[in-house]
2 protein chains.
Amino acid sequence: MPTSKDVARLAGVSQSTVSYVMSGRRPISEKTRKRVEDAMAQLAFQPNAGARALASRRSQVIGLAIPFVPDLHRGSMMGFISVIAASARQSDYDILLVTDDEGPQGLERVVGQQLVDGLIIMQVEGDDARVPVIRNLPVPSVLIGIPEKHEGLKCIDADFELAGQMCVEELAKLGHETVTLVNWQDAVVRRRVNYVKRFHHGVDKAGAATGAKIIHVPGRATIAGMEKAVANALEQTKGVPAFIAPEAANQDLLVEALNNLGLVLGKDVSVVVNCSDSLAERQRIPLTTIDFEPDQVSRRVVQMIVHDLTEPTSRSHEALELIRPVFKHRKSTIRPRPQR
Amino acid sequence: MPTSKDVARLAGVSQSTVSYVMSGRRPISEKTRKRVEDAMAQLAFQPNAGARALASRRSQVIGLAIPFVPDLHRGSMMGFISVIAASARQSDYDILLVTDDEGPQGLERVVGQQLVDGLIIMQVEGDDARVPVIRNLPVPSVLIGIPEKHEGLKCIDADFELAGQMCVEELAKLGHETVTLVNWQDAVVRRRVNYVKRFHHGVDKAGAATGAKIIHVPGRATIAGMEKAVANALEQTKGVPAFIAPEAANQDLLVEALNNLGLVLGKDVSVVVNCSDSLAERQRIPLTTIDFEPDQVSRRVVQMIVHDLTEPTSRSHEALELIRPVFKHRKSTIRPRPQR
DNA sequence: TTGAAAGCGATACCAG
DNA sequence: CTGGTATCGCTTTCAA
């Protein structure tokens, strides 16, 4: 493999000139630049990453901490990862994976070995063991998800509060007087992921603002449980029922339960789902869907970390960015006829 | 950050001794080893990856070429990735992502920059642009998936031929005389992924061996199309119908189509699916599932590449490893009563 | 069993 | 605008 020395020799310049041609950190005459570039092309030169990292003290690699994910979220996770990797390349960074089962020490390792210049932490939960660790790490990082204590951290997430709000407003505007929120399943709630709370908050807030009555029913993992929950909600419902099912795992069940109770979606009942893995498309069911452009989060997170990595000034100041959700398939919700 | 020099000083030994303690490449007296290890712990020393790579000419990083995946396969893809990353760590390797949208040159780049010691290529298709590239790369690589021309390459994949065979044998053994294979959808077939062909081959072979009649119907993307295909198959069916639906995208549709035609799964008709993203669990539908342990492939692929990377002798000889599928939920297929 | 010292292949400072 | 050279932190001969 040719080295920059070889390039220098062939181009008849010094090694440092070759380096400066690559980095552009000092003016080079058009003539020598051309000679160097030709030599590089001729030798198919590629700079040695290790040597570069050693000398420059930057690896041009970003560590990506991926969570251990239960089946359901895997699809979306994958989307994040590939978009993050692709966007990172656009800024001349590579992505190194840090798996969860190495524990938070994994983060200390890749930073300690100076393998990475910064970190992106995915799926941050309310009380995440990785958070205290990254606080003490000498590299910038950006979190996807918002931990309980996030002072001084850069976080980005979908705006779940707004999502909850929008769901209720949508239904209230159509004329629904009662809206049932099917909660996340217990396993998720117990993980204390912050977004559950935030979604609830948005729902309740919009309920108060619009006057819609909000019924909360727990997320159930079985169809029987779901049917009971739904029946229960229907009893307390005034007018045409409406449901909000933010968790993907519940959506199939809710749809099935409503079917079993003889309610036709988009006709007898409105359903709004969130974060749907394209349930609407997949099953061709009339649902209103509220969702986030996942790529938007991914690209933004890379922007943020790259900014911290390249901006020489201003060490990582706190930041909290929320991505706005959007409606899709919106026509399938119904406008109840006035009930009296 | 402390360097090995600092460790050496603190331990009162030379820098080379520190290095040898870490690598174990030469005997060290118990006494000095202890002194060095203590010093390392005391300083929380971590070796600088760039320097190490530069000096040793090995980065301890494996490049993982991830494909651009359509939604459906994303979940399983994610499983591969995290298991690969975790297993790699067990052998002291890290994983660097190489996205597809950098093209095959992405592979040349990471190898050329000596960022990686070897490559794992995911989702290799029948005629894959990356294959000719890696052939000329000076590092070992392992492919997941089997390209048309694979002489001299190390490949690993699920044994789709055997899977096809097992599906038919299962149904034939139960007494089905006619078996309908619902093919992959056109988009997949056109990509010339090898496994489609291999699955077919297994199905036909087992059909011939068992005497079961095999009907092929094309994979359809719409429910109407699927219903027609199913109806068509039923006309040609003798005895109790049985279906094999290897592609996940078709499975929902097939189940729905059968429902619409009034056929009850596990009672009027047997269905065997393959590569199911746990459709059976998700929908609680009585299906027999044949599947692969995805983790098995992932772990094996890491073993293979690590072997090539550490075995000083024997440069990458060709290899083709097929992972055996297994049945799940098997009881839901039916044993047809003798028809005359 | 250990130490000294010469690289590995870039970067970046100091001169000119 | 360009060249010489010290340096980054570790590995690995060569000598003892």
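Chain letters run A, B, ... following the sequence lines, proteins first and then strands; every chain starts at 1.
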Starting at [atom1] of [X], measure out to [atom2] of [Y] and round the result to the nearest 0.5 Å.
X     : Y      : atom1 : atom2 : result
A/Q90 : B/D101 : CD    : CG    : 7.5 Å
B/L96 : A/L96  : CG    : CG    : 6.0 Å
B/I95 : B/I62  : CD1   : CD1   : 5.0 Å

(message) Is a donor from one side chain sitting under 3.5 angstrom from an acceptor on the other, for A/S19 and A/S16?
(response)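 Judged by distance alone, the side chains do not pair up.
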(request) Would you mind reading off the bend of the helix from C/dT1-D/dA16 to C/dG16-D/dC1 from its two end axes, five pairs each, to 10 degrees? (result)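 Roughly 30°, once rounded to the nearest ten degrees.
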(message) Could you tell me if the side chain of A/N136 sits less than 4.5 Å from the side chain of A/E108, heavy atoms only?
(response) no
(message) Quick check on contacts: within residues 30-41 of chain A, what sits under 4.0 Å from DNA chain D by heavy-atom distance?
(response)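 Nucleic-acid contacts, sorted: A/T32.
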Whole angstroms only, please: what is the [atom1]-[atom2] distance between [X] and [N]?
X     : N      : atom1 : atom2 : result
B/Q60 : D/dT11 : CD    : P     : 10 Å
A/R9  : D/dG4  : CZ    : P     : 13 Å
B/M1  : D/dG9  : CE    : P     : 11 Å
B/L43 : D/dG9  : CG    : P     : 14 Å

(request) Inspect the contact between B/R9 and B/D6 and indicate whether a charged nitrogen and a carboxylate oxygen are less than 4.0 angstrom apart. (result) yes
(message) Please confirm whether the shortest side-chain N or O distance from A/R57 to OP1 or OP2 of D/dG9 is below 4.0 Å.
(response) yes
(request) Return yes when atom CZ of B/R135 has more than 12 non-hydrogen atoms of other residues, nucleotides or ligands closer than 6.0 Å, and no otherwise. (result) yes
(request) Take atom CZ of B/R26 as the centre, draw a 6.0 Å sphere, and report whether it contains more than 12 heavy atoms from other residues, nucleotides or ligands. (result) yes
(message) Which is more 5' along DNA chain C, the nucleotide nearest B/L54 or the one nearest B/P27? Just name the residue.
(response) B/P27
(request) Produce a footprint string for nucleotides 10-15 of chain C: one letter per nucleotide, 5' end first; B if the base is under 4.0 Å from any protein heavy atom, S if only the sugar-phosphate is, - if neither. (result) BBBBB-
(message) Parallel, tilted or perpendicular, judged at 30° and 60°: which one describes the rings of B/Y195 and B/F160?
(response)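 Taking B/F160 first and then B/Y195, their aromatic rings lie parallel (interplane angle under 30°).
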(request) Using modelled atom types only, decide if a donor and an acceptor are shared between the side chain of A/S91 and the backbone of A/Y93 within a distance under 3.5 Å. (result)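 Checked: no pair found.
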(request) For A/N194 and A/I146, indicate whether the former's side chain and the latter's backbone hold a donor-acceptor pair under 3.5 Å. (result) yes
